[in-house]
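Side chains included, hydrogens not; waters and symmetry mates left out as well; all remaining heavy atoms used.
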Amino acid sequence: MKRYFVMVLALCLAIAMVVALPGCGGDTGKAKEYINNAYKLIEDIEANSDEMEEQFDTIFTELAGGEVTSSAKAEELADGLTDATEKSLKTASEAKAELEKVASLEGVEDYKEYALLRISVIDGIIELIEQTEKYLKDLAEILTAAEAGQPVDLAKVESDSMAFFTKVQELQESVKESGEAADALQDKL
């Protein structure tokens, strides 16, 4: 998870955006400006990605290892993820806004397609973070109930866990596909 997340941010967004895009008619100057603005924001995310990487690595290692056995531990992981991703989520939203400006331009269809693919990558990363935070908070509530002696539907917990991990895998695949498609398109621009 850790390496994948960094690869998505570094390769799919920043590296591809740094390359100067050749003109293809329409308002290419504005398209390039917006893409470069988004690139600068993504560089900020990369500069602060170590803490986020470590948090994701910890979360998935501890979840997979069955080490999250108390509500306090689940809450600690959720809070750590929120702390580690808060600034990056804000910056990713700003980068997305710049890319949305490209998508609204006329006469730059290749740039629009490229921007939409990059937006898809950002949306997937944001959803991955949000889904992980939600899962950890829900798990904390379940563990709190168990610690208080309330009955816990273990079949539902298992089902919810499987659904979460399936969603994570789907998001990873979607982000990867959008990133690869954007890379291929960038090669044609």
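Residue Leu41 is not grouped with residue Val121 when hydrophobic side chains (ILVMFWY) are merged at heavy-atom distances under 4.5 angstrom, including chains of intermediate members.
The backbone N or O of Glu53 lies less than 3.5 Å from no partner atom in the side chain of Asp57, so there is not a single donor-acceptor pair. Panel note: side chain Ser174, backbone Glu170; no donor-acceptor pair is recorded below 3.5 Å.
Once rounded to the nearest 0.5 Å, the distance linking CG of Leu136 with CG of Leu81 reads 7.0 Å. Here the straight-line distance linking atom OH of Tyr114 with atom CD1 of Ile119 works out to 11.5 Å at 0.5 Å rounding. Thr58 contributes atom OG1, which lies 10.5 Å from atom CG of Leu63 (distance to the nearest 0.5 angstrom). Separating the CD atom in Glu133 from the CG atom in Asp79 is a distance of 9.5 Å, to the nearest 0.5 Å. Here Ser88 contributes atom OG and Ile42 contributes atom CD1; the two are 9.0 Å apart, rounded to the nearest 0.5 Å. One distance of note links OH of Tyr135 with CG of Leu77; it measures 11.0 Å at 0.5 Å rounding.
Aromatic ring pairs are classed by plane angle as parallel below 30°, tilted from 30° to 60° and perpendicular above 60°; the pair Phe164 and Phe60 is parallel.
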Could you tabulate the donor-acceptor pairs under 3.5 Å formed by side-chain atoms of residues 125-132, not counting sequence neighbours?
residue : atom : partner : partner atom : Å
Glu127  : OE2  : Lys167  : NZ           : 3.3
Thr132  : OG1  : Leu128  : O            : 2.8

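Between Lys112 and Glu109, at least one side-chain nitrogen of the basic residue sits less than 4.0 Å from a carboxylate oxygen of the acidic one, meeting the salt-bridge criterion. Between Glu86 and Lys90, no side-chain nitrogen of the basic residue sits less than 4.0 Å from a carboxylate oxygen of the acidic one, so the salt-bridge criterion is not met.
In this view, Glu98 and Asn37, Lys101 satisfy the side chain to side chain donor-acceptor pair (under 3.5 Å) rule, not counting sequence neighbours. With sequence neighbours excluded, no residue forms a side chain to side chain donor-acceptor pair (under 3.5 Å) with Asp44. With sequence neighbours excluded, the residues that form a side chain to side chain donor-acceptor pair (under 3.5 Å) with Lys96 are Asp123. By the side chain to side chain donor-acceptor pair (under 3.5 Å) test, Glu62 is found to be paired with Lys73, residues two or more places apart in sequence or in another chain being considered.
Across Lys134 and Asp138, no two heavy atoms sit closer than the pair NZ-OD2, 2.6 Å. Closest of all the heavy-atom pairs between Ser178 and Ser120 is OG-OG, 2.9 Å. Taking all atoms of both residues into account, the shortest heavy-atom contact from Ala38 to Ala95 is CB-O, 3.7 Å. Scanning all heavy atoms of the two residues, the minimum distance from Ser70 to Leu143 falls at O-CD1, 3.3 Å.
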Quiz item: Are Lys30 and Glu33 close enough, and set up right, to give a salt bridge (charged side-chain N to carboxylate O under 4.0 Å, His left out), and what steps lead you there?
Solution: CA-CA 5 Å; Lys30 277 291 186 194; Glu33 175 187 339; 3.5 Å; yes
Quiz item: Between Phe165 and Gln169, is a side-chain contact (heavy atoms from CB on, under 4.5 Å) present by the stated rule, with each step listed?
Solution: CA-CA 6 Å; Phe165 284 109; Gln169 289 175 336; 5.6 Å; no
Practice problem: Could you walk me through whether Tyr111 and Thr28 pass side-chain contact (heavy atoms from CB on, under 4.5 Å), step by step? | Solution: CA-CA 8 Å; Tyr111 289 86; Thr28 57; 3.8 Å; yes
Practice problem: Output, in order, the C-alpha distance, side-chain angles, deciding distance and verdict of side-chain hydrogen bond (donor to acceptor under 3.5 Å, both in side chains) for Thr85 and Gln55. | Solution: CA-CA 9 Å; Thr85 60; Gln55 193 62 35; over 6 Å; no
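Taking 4.5 Å as the limit, every side-chain heavy atom of Leu116 sits out of range of all side-chain heavy atoms of Leu99.
Hydrophobic cluster of Val157: the remaining members, joined at side-chain heavy-atom separations below 4.5 Å, are Ile142, Val152, Leu154, listed by chain and number.
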